[in-house]
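Fair warning: this is a prediction, and the values are worked out from it, not measured in the lab. Residue numbering restarts at 1 for every chain, and letters A, B, ... go by the order of the sequence lines.
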Amino acid sequence: MPIITLPDGNKLEFAAPVSIREIAEKIGKRLAKDALAGEVDGKLVDLSCVVAADAKIRIITPNLPEGLELMRHSAAHVMAEAICEVFPGTKLAYGPAVKDGFFYDVDSPEPITDKDLSNIHKAMQKIVKKNQPFERHELGRAEAGEKYRHDEYKTDNIERAGGEVISFYRQGGFEDLCRGPHVPSTGRIGAFKVMSLAGAYWHGDETKQQLTRVYGTAWATQEELDAHLHRLEEAKKRDHRKLGRDLGLFEFHPEAPGMAFWRNNGVLLYRGVENYIRDLCNKHGYEEFRTPQILVKDLWVTSGHWENYADKMYITEKDGREFGVKPMNCPGSLILYKAGLYSHNDLPLRWAEFGHVHRFEGSGEVHGLVRVRGFTQDDAHIFCTPKQLQKEIEHCIQFVFEVYTTLGMKFDHIELSTRPEKSIGTAEMWEVAEKALQGALEELKINYKLNPGDGAFYGPKIDFHLADAIGRTWQMGTIQVDFALPERFDLHYVDEKSERQRPVMIHRAVSGSLERFIGVLVEHYAGDFPLWLAPEQARLLTITDNHIEYAEKVATLLREKNLRVKVDRRGGKIGAKIRDGELQKIPYLAIIGDKEVEDGLVSVRRRLAGDLGQMTAEDFAKRLAEEVATKALPPE
RNA sequence: GCUGCUGUAGCUCAGUAGGUAGAGCACUUCCUUGGUAAGGAAGAGGUCUCGAGUUCGAAUCUCGACAGCAGCUCCA
C-alpha cells in the first residue's frame, strides 16, 4: 500500500501500486493535464511509471526547469524522427537537451543544408499533431547489441550505457535508444523551432568522422519561444563586431585576417583599460617590463613551445637562422630573470608586461576581438619561493576580482584545470602546483569547477570565464603555476644559507587579452561604457552658429579637467544632433543656445538617465570629473 | 582545420526567369539659424570579393581562391 509524500508534506495513500499519472489525477485535474513526468525519490521517471512502495513524489510540469528540459529532450526525438523521414537512411548518434534547446547529431546519407530546415520543421509539426505516446521498452544488453549490430552509433551507445538493461523509446513507428524519461506524447513538446546546422565530431573527437548537428529550441509556450527569439535578436545588437564598427572602435580587413584595426575611439577605450590595469599593477607592487617581439628558435625549443605549438607560431628566417614571433611573453621574462642574480630577499618578483603576441589560430577559430591572431596580454610573471606560492596566487585572484568588480562584470564560472596528457615536468611538481591553486581558491572561498586534464603543458591553471551577449563563454583572466620553465631555463635564487634554489613561476593575466577583454566589455555594456572608459565623454551641441565660440570655451574648460569632449558645430536642428549623439552612445550631451551663453550655463542630458536641466559649465566639468574619478558604472 | 551557409554603394538590404544594378540611411552642395531622438532640395557614389569556366551574353549557373557567419575541434 504505497504512501505517497508530496512536496508540501501532504501524504496520499493508495490501495495498490499506482502510476505517476494516477497520482497527479488524484491531486487535481489541472495538474494531471499539465503533468509531463514524475520525480520519485529524486529520480525522474515517465508519467506511466508505476510506484509500488512508499515514496516522495513530485509531479513535473512544463513550468519547472526539469519539465522544460524533458520537453527539449523529447523534442530532440521528434526532430530525429522528422530528419529520418526527410532523409531516409539517416543514422542517429546523440541528441541531448542543452541550454535553451536541444540538438541531434546525425549521420545522413546526403548533406543536410539550410534549405532543409523548414522541411524538418514541417515534418516535426506532423509528428506533433499525431500526438503519439512515447513508450518505453527494455532489452537485455546482449539482445539490444544484436538488434542494432549494423548501426555503429547505437552499438557504441549500448557499449557506453551502464547496466544490463538497455531502454528504448518508441513514438509511432520510430524508435531510439534512450535512457529517458520522456514527456507522455509527441504533442507535449511545447513551442519549438529548428534553428541551425553545424558539423560536430563524433564524441567531440577531431579524428572521428564529422556528423551533422541540427539545433532546435523548445519552450513551454509560444510566447516564451517568441521571447527567446526576440532575445537573440536583441543580443545581436550588442554584438561587439557590430558595435565596434558602428561606434568607430575597431574593424577587421582581409589584409590582416584575424587581427584588429583600431580607430581612435577604440584606441581611447583600449588605452583606458590598459592604463587602469597598469595603475593597479603599480598599486599591487608590480614592475613593468618589455621584451622583444621576435626571438630565436632555440629559445622556443628550450621553453617547449616549439614542440607543442610550432605549427601555430609565426616563424621567420633571416641569415639562415629561424626566429619565432612570440606567442607568449614568458620566455622573455625568463631571460631577464636569468640575466640577473636574485636572493630570497628579492622574492617575490612581480614582473608585468603588456606584451603583444601572435598565434596562428585556425581559420574557423577566429572570432571578432575575442579570438584573434594578434593580441596584447596584460601579462605578468611572478617569481617566488615555493613557500610564497599560495599567497601569491591569492594575491592574483584578488587582483582579478578587483578589476571585474570595478567594471560590474560577473564571471560565468571559474575553472581549475589540471595536468594534461601532453605536458612537461614531474608528477610531484604538478601535484604541488595543483594543490597551491586549489588551496588559494579554497582559502578565498571561491566556487570553481574542476576541469581535469585541461591545464597548460607547463602547469595547472585557474581560469576566469565570462559570457558574451549570446551566452558563449570566453576565458578571460588566468593564473598558471609553473615549476617546469624555471627548471628548463635553470633559474635559481640564493636562499638564507647561501644555497641555490629553484624559484616557482606564476603566469597571470587579468584581462587575459586586452582585445578579448574589450570585446566582452563592449557586449557587457552594449556600448554604453562607464564614463571613465567612454571614448567621447561629452559632446557639446550648439543651437546655431552663434554659439560655437562659447561651446569651444566650455570644451576647453572640460579638456583642462582631462575630459574627452567634442563640439558638434554642424548646421542642422538640435533634434538631429541629439539623435546622432544618442546613437553614438555619448554619455553626456550638453546643449548650448542663447540662454546658456548668456548665463554661463549648459543644458545637460545624461544618456540612459535623461534631462538633467541647466548647470554652470564649471559644475558640469566638476560632475564629469567626479564621475570619472569614482569609476561610476553607467546609469541602469 | 572540419561541416553548412554568406559575400551587391560607407552601413542595412532589394535585385524577379542569365540581357552589364536599385532603395533607405550616411556623404557632398545649396536653402534653412532651427531649443531636447531624423528640416527641405539637388548631387555624387558600384570592376556586384577575386580568378577561371559555361554562354551570343554572368551580380545571377559551375569550379577554385580569399574573407566572413553559425557550430565543432583547438585555444600555450
Could you give the distance separating B:U73 and B:G19 at their C1' atoms, to the nearest angstrom?
46 Å
Within 45° cone of A:Y588 ring axis and under 6.0 Å: A:R606 NZ or CZ
yes
Is the ring of A:Y309 stacked on the base of B:A76, with centres less than 5.5 Å apart and planes under 30° off?
yes
Provide the distance between the two P atoms, one in B:A38 and one in B:G45, to the nearest whole Å.
31 Å
Sub-6.0 Å ring centroid separation between A:F464 and A:Y448
no
Any A:R213 side-chain nitrogen or oxygen under 4.0 Å from OP1 or OP2 of B:A70:
no
Would you measure the distance from the C1' atom in B:U47 across to the matching atom in B:A59 and give it in whole Å?
11 Å
Whole-Å P distance, B:G7 and B:C63
15 Å
B:C72 - base-pair partner by Watson-Crick or wobble geometry, distances under 3.5 Å:
B:G1
Does B:G22 pair with anything, Watson-Crick or G-U wobble, both distances under 3.5 Å, and if so, with which nucleotide?
B:C13
Inter-nucleotide C1' distance (B:C11, B:U16), Å rounded:
25 Å
OP1, OP2 of B:G1 versus side-chain N and O of A:K312: anything below 4.0 Å?
no
Classify the side chain of A:Y201 versus the base of B:G1 as yes if they form a donor-acceptor pair under 3.5 Å and no if they do not.
yes
For the residue pair A:D378 / A:S511, report whether a side-chain donor-acceptor contact shorter than 3.5 Å exists.
yes
Give a yes/no verdict on a cation-pi contact between A:R359 and A:Y309, requiring under 6.0 Å between NZ or CZ and the six-membered ring centre and an angle within 45° of the axis.
no
Considering only the P atoms, how many Å lie between B:C13 and B:U33, rounded to the nearest integer?
38 Å
Only pairs with both distances under 3.5 Å count, Watson-Crick or wobble alike; so what is the partner of B:U6 in this structure?
B:A67
Side-chain donor/acceptor of A:R371 to base of B:C74, under 3.5 Å
yes
When rounded to the nearest Å, what value does the distance between P atoms of B:C56 and B:A14 take?
32 Å
